[in-house]
S.K.: 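Next up is a structure, given as structure tokens.
All values reported here derive from a predicted model rather than from experimental measurement. Each chain gets a letter, A, B and so on, in the order the sequences are listed, and its residues count up from 1.
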Amino acid sequence: GNSVTQMEGPVTLSEEAFLTINCTYTATGYPSLFWYVQYPGEGLQLLLKATKADDKGSNKGFEATYRKETTSFHLEKGSVQVSDSAVYFCALKIYSGAGSYQLTFGKGTKLSVIP
Amino acid sequence: DAGVIQSPRHEVTEMGQEVTLRCKPISGHDYLFWYRQTMMRGLELLIYFNNNVPIDDSGMPEDRFSAKMPNASFSTLKIQPSEPRDSAVYFCASSLSATYGYTFGSGTRLTVV
């Protein structure tokens, strides 16, 4: 089946530190990959996406590259801010037949950035 | 556009009562999804609709749960009777097409006591 594995949190960083949140996936076909962010008390928001191998998604200083050879989509940011504190979800979407698309989420990684 | 709108934001109900959660997707989005989020199980897809038609309801936990989409601008998720283990945050999301990302609502925090 399809699955997403994220590094377990929580992750605590100082402001301006480098961030990496690891994400690997298992899929039976060629998925699209996503990172979503959830701020406290809010719904999930799409942060970035990549639809094919070697694509790089980027937004708000965050980046992730679709690596087919390692089945990974690690999230990175060069200098985090306190406002980046949130829960980050890696997800894949794949066609599962009969007109059905399945979006599968990882468990989420909580990031706390301290001043 | 106001985004995906869910109501109520918070719901506290007694075990055995009927609960109805509501969702208004973004206008023009053909796909609507209902998710449940708990600490133990993370995000679970309950059901999704395409053009108001339920496509995949395999995530609906049991017969106590039902979802409808009578038109393109409104969907409900109903739990009858509710149980304490149904306590969770329920999210609605919509998408322009199957290959696009999803836009989530702010969620309904349900507490069943």
S.K.: Quick check for you: to the nearest 0.5 Å, what is the distance between F105(A) atom CZ and Q37(B) atom CD?
M.R.: 9.5 Å
S.K.: What part of R9(B) gets closer than 4.5 Å to chain A, counting heavy atoms only: side chain, backbone, both or neither?
M.R.: side chain
S.K.: Using 0.5 Å steps for rounding, measure from the OH atom of Y35(B) to the CG atom of L103(A).
M.R.: 4.0 Å
S.K.: Would you say D63(B) has more than 12 foreign heavy atoms packed within less than 6.0 Å of its CG?
M.R.: no
S.K.: How about OH on Y30(A), more than 12 heavy atoms from neighbouring residues, nucleotides or ligands closer than 6.0 Å, or not?
M.R.: no
S.K.: Would you find more than 12 non-hydrogen atoms of other residues, nucleotides or ligands less than 6.0 Å from E15(A) atom CD?
M.R.: yes
S.K.: Within this structure, what is the CD-CZ distance for the pair Q38(A) and F104(B), rounded to the nearest 0.5 Å?
M.R.: 9.0 Å
S.K.: With a 4.5 angstrom heavy-atom cut-off, is it the side chain or the backbone of M39(B) that approaches chain A, or both, or neither?
M.R.: neither
S.K.: Identify the two heavy atoms, one from K93(A) and one from G101(B), that lie closest to each other, and give their separation to 0.1 Å.
M.R.: NZ-N, 4.5 Å
S.K.: Is L33(A) reachable from I94(A) through a run of hydrophobic residues whose side-chain heavy atoms are each under 4.5 Å from the next?
M.R.: yes
S.K.: Would you say CZ of R109(B) has more than 12 non-hydrogen atoms from neighbouring residues, nucleotides or ligands within 6.0 angstrom?
M.R.: no
S.K.: Would you say Q81(A) has more than 12 foreign heavy atoms packed within less than 6.0 Å of its CD?
M.R.: yes
S.K.: Pair L44(A), T103(B) - check side chain to side chain contact (heavy atoms under 4.5 Å, CB included), show working.
M.R.: CA-CA 8 Å; L44(A) 279 70; T103(B) 301; over 6 Å; no
S.K.: E44(B) versus chain A, heavy atoms under 4.5 Å apart: side chain, backbone, both or neither?
M.R.: neither
S.K.: Just wondering, are more than 12 heavy atoms of other shown residues or ligands nearer than 6.0 Å to CD in E62(B)?
M.R.: yes
S.K.: Does the side chain to side chain contact (heavy atoms under 4.5 Å, CB included) test come out yes or no for L43(B) and F89(A), once each step is laid out?
M.R.: CA-CA 10 Å; L43(B) 272 163; F89(A) 293 88; 4.1 Å; yes
